[in-house]
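Single-structure report; data block below.
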Amino acid sequence: MNTETNETLYVKVKDMAGNDFVCPLEELKDPGSISDTELENCVEDAVVGRYAGQLKIVAPET
């Protein structure tokens, strides 16, 4: 039996203006430098609070 899940991992990032976002980790090429195109798949950090128990947010690799 396969117990592995396909759960999406998310990471917190900042855009160039300093706004906080939560993005799917697999969508980002470099979590330290996010493009406008990559931001299209992200949500504002303030919105995520409602869904905090449903998202798995991890620290970006440095």
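Source: prediction; values computed, not measured. Sequence positions, counted from 1, serve as the residue numbers for this chain.
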Glu38 pairs by side chain to side chain contact (heavy atoms under 4.5 Å, CB included) with which of Asp36, Asn41, Ile34?
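Considering Asp36, Asn41, Ile34, a side chain to side chain contact (heavy atoms under 4.5 Å, CB included) with Glu38 is found only for Ile34.
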I need the single residue from Val13, Asp45, Val48 that forms a side chain to side chain contact (heavy atoms under 4.5 Å, CB included) with Phe21. Which is it?
Val13
Enter the distance from [X]:[atom1] to [Y]:[atom2] here, rounded to the nearest 0.5 Å.
X     : Y     : atom1 : atom2 : result
Leu25 : Lys56 : CG    : NZ    : 11.5 Å
Leu39 : Leu28 : CG    : CG    : 8.5 Å
Ser35 : Glu40 : OG    : CD    : 8.0 Å

Side chains of Glu44 and Asn19: does their closest heavy-atom pair fall under 4.5 Å?
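No, their side chains stay 4.5 Å or more apart.
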Contact check, side chains of Ile57 and Lys12, non-hydrogen atoms, under 4.5 Å:
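Sidechains of Lys12 and Ile57: in contact.
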